[in-house]
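Below is one structure; the comments refer to it alone.
Just so you know, these numbers come straight off a predicted model, no measurement behind them. Just the heavy atoms: all of them, side chains too, but no hydrogens, waters or symmetry mates, feed the values below.
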Amino acid sequence: MIKAGIIGATGYAGAELVRILMNHKEVEIAWYGSRSYVDENYADIYGNMFQIVDAKCMDDNMEELAESVDVIFTATPQGFLAGVLTEDILSKVKIVDLSADFRIKDVATYEKWYKIEHKSPQFIDEAVYGLCEINRDKVTKETRLVANPGCYTTCSILTAYPLVKEGLIDTDTLIVDAKSGTSGAGRGAKTPNLFCEVNESMKAYGVASHRHTPEIEEQLGYAAGKEILINFTPHLVPMNRGILATEYATLNKKPDGTLPTYDEIKAVYDKYYANEKFVRVLKKGVCPETKWVEGSNYVDVNFVIDERTGRIIMMGALDNLVKGAAGQAVQNMNLLFGFDEAEGLNMVPMFP
């Protein structure tokens with residue numbers, strides 16, 4: 001049994017970490033960190049935890065927390081962990097960071113897109129990008145710092161990764177169109193996220209400027225072995241949870257001038273995902289839907305070849321708070337400590 005601390009335990013991702021870890025047989029939550037609710041009962045903030053969590057919220061003192069637990073989850077705004085992380089802390093505890101502070105390897109790129117100064121760039125090279133299905137072998141018991149991927153990025157990367165890796169698409173033509181529920185914006189009160197502002201409406205935002213763009217480009221660039229530039233456009237939709245990514249790219253023709261067939265593309269997806277518990281490649285003709293992954297750590301993916309245009313449409317769906325945040329963080333923690341990778345994550349998707 002290990003002890004875990006959560007900084008940001010009263011945000012949506014932090015609360016999802018609590019929900020998941022309460023069913024993890026190897027973990028005890030020892031610290032519910034929340035700067036906004038210090039000394040308040042956690043179950044008074046989240047009523048679903050009544051008679052389940054009997055603990056008060058604590059502060060975000062990383063130095064003290066590092067002395068008390070085996071692993072820290074930082075479900076915090078960008079800049080928090082980078083602003084407090086020290087070698088002394090990392091020498092005592094493993095950290096899974098749900099922010100973007102250590103996802104992007106180039107400091108200048110991070111600072112350009114997030115518009116803040118990176119306070120601890122000396123730890124960037126050490127941090128492992130924790131997209132488990134791709135970097136599983138890099139998340140080991142020796143790893144000290146895991147950069148948990150973003151929600152849009154997890155969905156966007158996993159949806160296209162096999163075809164990028166195998167060179168089946170022209171990456172210069174890749175377009176990612178994604179939709180997210182409002183929980184992706186966090187729990188803070190913001191006028192654009194009020195019910196009347198969101199209900200019965202859809203909108204694009206962060207057009208040509210969303211900060212998950214360089215993260216997607218960097219990771220798919222590693223797969224392709226070259227620099228990749230994409231168009232990424234996120235949209236806000238009036239639902240609580242879920243991300244749906246629809247991605248478009250021109251297929252590379254085979255030496256005989258024909259397009260890859262359905263069976264050939266399907267074989268590539270199966271090559272990478274047939275043995276992945278949490279990535280489900282759907283049957284031919286079935287499009288991913290957010291309702292079939294809600295509350296779970298699954299990612300559903302599929303594709304359609306458009307023979308008329310020579311393009312392929314790739315689709316992926318996940319729960320932004322689980323596989324897109326807390327579930328993936330627990331998956332990474334399981335790898336860090338040598339637990340069964342699926343421990344605590346065998347939730348059946350909720351419906352309706």
| query | Are more than 12 heavy atoms from other residues, nucleotides or ligands located less than 6.0 Å from atom CG of N346? | reply | yes

| remark: Exactly one of V293, V299, L318, L345 clears side chain to side chain contact (heavy atoms under 4.5 Å, CB included) with F278, and that residue is L345

| query | OG of S156 to CD of E247: how many Å apart, nearest 0.5 Å? | reply | 5.0 Å

| said: Looking at K119, I want to see if its NZ is surrounded by more than 12 non-hydrogen atoms of other residues, nucleotides or ligands under 6.0 Å. | reply: no

| request: Write down the atom of L321, the atom of R241, and the distance for their closest heavy-atom approach. | output: CB-NH1, 3.7 Å

| said: Under a 3.5 Å cutoff, is there a donor and acceptor pairing between the side chains of T258 and D256? | reply: yes

| request: State whether the number of non-hydrogen atoms from other residues, nucleotides or ligands found under 6.0 Å of D137 atom CG is greater than 12. | output: yes

| Is it true that a side-chain atom of N41 and a backbone atom of D44 form a donor plus acceptor pair closer than 3.5 Å? | no

| request: Would you check if the side chain of S201 reaches a backbone N or O of P238 as a donor-acceptor pair within less than 3.5 Å? | output: no

| field | Shortest non-hydrogen contact from M62 toward I95 | value | CE-CD1, 3.9 Å

| message | Under the side chain to side chain contact (heavy atoms under 4.5 Å, CB included) test against L174, which residue among L229, T250, L220 passes? | response | L220

| Is there a donor in the side chain of T173 and an acceptor in the side chain of D170, or the other way round, less than 3.5 Å apart? | no

| said: A quick test of your reading: do over 12 heavy atoms of other residues, nucleotides or ligands sit less than 6.0 Å from NZ of K254? | reply: yes

| Ignoring hydrogens and geometry, is there a side-chain-to-backbone donor-acceptor pair from K179 to A245 under 3.5 Å? | no

| query | What do the steps show when you test N320 against S183 for side-chain hydrogen bond (donor to acceptor under 3.5 Å, both in side chains), and what is the final call? | reply | CA-CA 8 Å; N320 58 292; S183 60; 3.0 Å; yes

| message | Has N332 got a side-chain atom pairing as donor or acceptor with Q328's backbone, closer than 3.5 angstrom? | response | yes

| task | Would you check if I2 and M333 make a side-chain contact, meaning some heavy-atom pair closer than 4.5 Å? | result | yes

| message | With a 3.5 Å distance limit and no angle check, can you tell me whether N23 reaches the backbone of G344 through a side-chain donor-acceptor pair? | response | no

| said: Has T109 got a side-chain atom pairing as donor or acceptor with K105's backbone, closer than 3.5 angstrom? | reply: no

| request: Evaluate the criterion salt bridge (charged side-chain N to carboxylate O under 4.0 Å, His left out) for residue pair R144 and E126; output intermediate values, then yes/no. | output: CA-CA 8 Å; R144 302 193 301 174; E126 174 181 351; 2.6 Å; yes

| So, T191 and E197: side-chain donor and acceptor under 3.5 Å apart, yes or no? | no

| field | Flag if over 12 foreign heavy atoms under 6.0 Å of CZ, F351 | value | yes

| said: Closer than 3.5 angstrom, by distance alone: can the side chain of R103 be matched with the main-chain N or O of N148 as a donor-acceptor pair? | reply: yes

| field | Criterion ring pair (Phe, Tyr, Trp, His ring centres under 6.0 Å) on F303 and Y262, from CA distance to verdict | value | CA-CA 9 Å; F303 65 93; Y262 169 86; 5.1 Å; yes

| query | Are V281 and M315 connected in the hydrophobic side-chain network, where two residues link if heavy atoms are under 4.5 Å apart? | reply | no

| query | Measuring from D106:CG to I124:CD1, what's the distance to the nearest 0.5 Å? | reply | 8.0 Å

| query | With side chains defined as the heavy atoms from C-beta onward, is the minimum distance between I72 and V96 less than 4.5 Å? | reply | no

| Is the closest basic N to carboxylate O distance between R136 and E276 below 4.0 Å? | yes

| request: Look at the side chain of E343 and the backbone N and O of K25, then say whether any donor-acceptor pair between them is shorter than 3.5 Å. | output: yes

| Going through the checks in order, is the side-chain hydrogen bond (donor to acceptor under 3.5 Å, both in side chains) test met by Q219 and Y161? | CA-CA 9 Å; Q219 294 302 318; Y161 181 83; over 6 Å; no

| query | D300 and R280: salt bridge (charged side-chain N to carboxylate O under 4.0 Å, His left out), yes or no, with the steps? | reply | CA-CA 5 Å; D300 285 355; R280 305 189 299 191; 2.7 Å; yes

| said: So which atom in L244 and which in A317 form the shortest heavy-atom distance, rounded to 0.1 Å? | reply: CD1-CB, 4.0 Å

| Can you get from L168 to L259 by hopping between Ile, Leu, Val, Met, Phe, Trp and Tyr side chains that sit under 4.5 Å apart? | yes

| task | State yes or no: do I228 and Y152 share one hydrophobic cluster built from I, L, V, M, F, W and Y residues joined by side-chain heavy-atom distances below 4.5 Å, directly or via other members? | result | yes

| said: Given Y129, which partner from the list T153, I104, V146 fulfils the side chain to side chain contact (heavy atoms under 4.5 Å, CB included) test? | reply: T153

| query | Any link between F80 and Y32 through a network of hydrophobic side chains (Ile, Leu, Val, Met, Phe, Trp, Tyr) touching at under 4.5 Å? | reply | no

| said: Could you check whether any side-chain N or O of E215 sits under 3.5 Å from a backbone N or O of G150, counting only pairs where one atom can act as donor and the other as acceptor? | reply: yes

| request: Using the ring pair (Phe, Tyr, Trp, His ring centres under 6.0 Å) rule, take F102 and Y110 through it: C-alpha gap first, then chi angles, then the decisive distance, then the call. | output: CA-CA 9 Å; F102 297 96; Y110 171 87; 8.2 Å; no

| said: Taking the six-membered ring of Y46 as reference, does the cationic atom of R187 (NZ for Lys, CZ for Arg) lie under 6.0 Å from its centre and within 45° of its axis? | reply: yes

| task | Please round to the nearest 0.5 Å and tell me the distance separating atom OG1 of T154 and atom CD of E133. | result | 8.5 Å

| said: Taking the ring centre of each residue, are F123 and H118 less than 6.0 Å apart? | reply: no

| Atom pair CD1 (I305) and CD1 (I313), whose distance is rounded to the nearest 0.5 Å | 9.0 Å

| Hey, quick one: are I116 and W113 part of the same hydrophobic cluster, counting side-chain heavy atoms closer than 4.5 Å, chains of contacts allowed? | yes

| task | Compute whether any side-chain donor of one residue and acceptor of the other, for D88 and T86, lie under 3.5 angstrom apart. | result | no

| request: Determine whether the side chains of D97 and T74 contain a donor N or O and an acceptor N or O closer than 3.5 Å. | output: yes

| Can you tell me how far CD1 of I157 sits from NE2 of H212, rounded to the nearest 0.5 angstrom? | 10.0 Å

| task | Compare every heavy atom of R211 with every heavy atom of Q78, then report the nearest pair and how far apart it is. | result | NE2-NH2, 3.7 Å

| Check: Q331/N297 side-chain N/O donor and acceptor closer than 3.5 Å | yes

| Side-chain donor/acceptor of Y269 to backbone N/O of T159, under 3.5 Å | yes

| said: salt bridge (charged side-chain N to carboxylate O under 4.0 Å, His left out) for K3 and D70? Distances and angles first, verdict last. | reply: CA-CA 5 Å; K3 291 185 177 181; D70 303 290; over 6 Å; no

| task | Would you name the heavy atoms of H210 and P234 that are closest together and state the gap between them? | result | CD2-CG, 3.5 Å

| request: Apply salt bridge (charged side-chain N to carboxylate O under 4.0 Å, His left out) to the pair R19 and E16, showing each step before the final yes or no. | output: CA-CA 5 Å; R19 182 178 77 90; E16 198 71 350; 2.7 Å; yes

| task | Looking only at non-hydrogen atoms, find the nearest pair between D59 and I7 and report the distance. | result | O-CD1, 3.9 Å

| Can you tell me if CG on N199 sees more than 12 non-hydrogen neighbours from other groups inside 6.0 Å? | yes

| task | Calculate, to the nearest 0.5 Å, the distance between atoms CG and CD1 belonging to D172 and I230 respectively. | result | 12.0 Å

